[in-house]
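Take a look at the structure below.
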Amino acid sequence: MVFSMLSQSMFAALSSRQAPVRIKSLGVRACSKHAPSVAEKHPTTPVEQRNGTPIALPPRKRLAIVTCMDARINPFKQLGFEEGDAHVIRNAGGMAKDALRSIIVSQRLLGTREIAVYHHTGCGAVTFTSQSLRELIKDCDPGNQEIADQVDSIDFMEFNDLEKSVRDDVKFLQECPLVLKGTKISGWIHYVENGEAKQIV
């Protein structure tokens, strides 16, 4: 298990600003009956083109990181990765449910076999409620029923307990039938105050 095996060394490297820890890739197959993925058909190369057109390449570490869109969060820099090592799936709050569509594409077509949920302190998702945001949007265009209907149907997935949000997202992914069996799933909190990252699941 990549993240769990290396969590202590990664944390030490982050906290002491040592050389970045490099995470080994996984060799897990999805299942014996699945159609070949892009990753299996076309192994990773530094630059790959077909008929002169660039194509998507599978990440070298076979890792997908689900994290927040916050501009302060840079998983490549903070975890010692390079471009091409991992998929980074972003949304407000770094919520797994909101990232599911991208996770499916990442796994089924591009060969990732590990997911890291990577939330952070000071997240904006703890500063509002879905209802307050809906009212804000409707107040900006009063009487527009189309906007009201659409925004009322959106769950903005706010939370008020950071650690619980990570545990809930990991649990969701572990139980989701659309996530490949055997996927390694871990949960992390990044502390923006000091740049450290801690694995909690």
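Just so you know, these numbers use all the heavy atoms, side chains as well, and skip hydrogens, waters and symmetry mates.
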Verdict with reasoning, Asp169 to His119, per side chain to side chain contact (heavy atoms under 4.5 Å, CB included): CA-CA 10 Å; Asp169 271 8; His119 292 189; 3.2 Å; yes
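Within the 4.5 Å cutoff, the side chain of Ile65 has heavy atoms near those of the Leu79 side chain. A 4.5 Å side-chain heavy-atom check between Ile115 and Val66 finds at least one atom pair inside the cut-off. Proximity of Ser186 to Val201: side-chain heavy atoms (C-beta onward) are nowhere separated by under 4.5 Å. Considering only heavy atoms from C-beta on, Val126 comes within 4.5 Å of Phe159 through its side chain. By the 4.5 Å heavy-atom criterion applied to side chains, Val88 and Phe81 are not counted as neighbours. Using a 4.5 Å heavy-atom threshold, the side chains of His190 and Tyr118 count as touching. At least one side-chain heavy atom of Ile103 sits under 4.5 Å from a side-chain heavy atom of Ile89.
Listed by chain and residue number, Lys164 satisfy the side-chain hydrogen bond (donor to acceptor under 3.5 Å, both in side chains) test with Asp168 (two or more places apart in sequence, or in another chain). Here Glu163 pairs with Arg167 under the side-chain hydrogen bond (donor to acceptor under 3.5 Å, both in side chains) rule; sequence neighbours left out. For Asp152, the salt bridge (Lys or Arg N to Asp or Glu O under 4.0 Å) criterion is met by Lys138, not counting sequence neighbours. Listed by chain and number, the residues in a side-chain hydrogen bond (donor to acceptor under 3.5 Å, both in side chains) with Gln145 are Asp149 (sequence neighbours excluded). The side chain to side chain contact (heavy atoms under 4.5 Å, CB included) search around Asp155 returns Ser130, Met157, Glu158, not counting sequence neighbours. By the side-chain hydrogen bond (donor to acceptor under 3.5 Å, both in side chains) test, Ser106 is found to be paired with His87, Thr112, residues two or more places apart in sequence or in another chain being considered. Evaluation of the side chain to side chain contact (heavy atoms under 4.5 Å, CB included) rule for Glu193 yields Thr121, Tyr191 as partners, not counting sequence neighbours. Judged as a salt bridge (Lys or Arg N to Asp or Glu O under 4.0 Å), and not counting sequence neighbours, the contacts of Arg72 are Asp70. Judged as a side chain to side chain contact (heavy atoms under 4.5 Å, CB included), and not counting sequence neighbours, the contacts of Leu133 are Phe128, Leu136, Ile137, Phe156. Gln131 meets the side chain to side chain contact (heavy atoms under 4.5 Å, CB included) test with Thr129, Arg134, Glu135; sequence neighbours excluded. Residues passing the ring pair (Phe, Tyr, Trp, His ring centres under 6.0 Å) test with His120: none are found, sequence neighbours excluded.
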Which pairs of donor and acceptor atoms, one on a side chain in residues 93-100, lie under 3.5 Å apart (sequence neighbours left out)?
none

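Counting all heavy atoms, side chain and backbone alike, Ile185 lies closest to Val170 at CG2-CG1, 3.8 Å.
Thr183 contributes no side-chain N or O that, together with a main-chain N or O of Glu114, makes up a donor-acceptor pair within less than 3.5 Å. For the pair Arg90 (side chain) and Cys68 (backbone), a donor-acceptor distance under 3.5 Å is present. Under the 3.5 Å distance criterion, the side-chain polar atoms of Gln107 are matched with a main-chain donor or acceptor of Leu180.
Heavy atoms of other residues, nucleotides or ligands lying less than 6.0 angstrom from CD of Glu175 number more than 12.
Grouping the Ile, Leu, Val, Met, Phe, Trp and Tyr side chains by contacts below 4.5 angstrom, directly or via other members, places Val166 apart from Met69.
Separation of atoms CG (Leu162) and CD1 (Ile200) is listed at 7.0 Å; rounding is to 0.5 Å.
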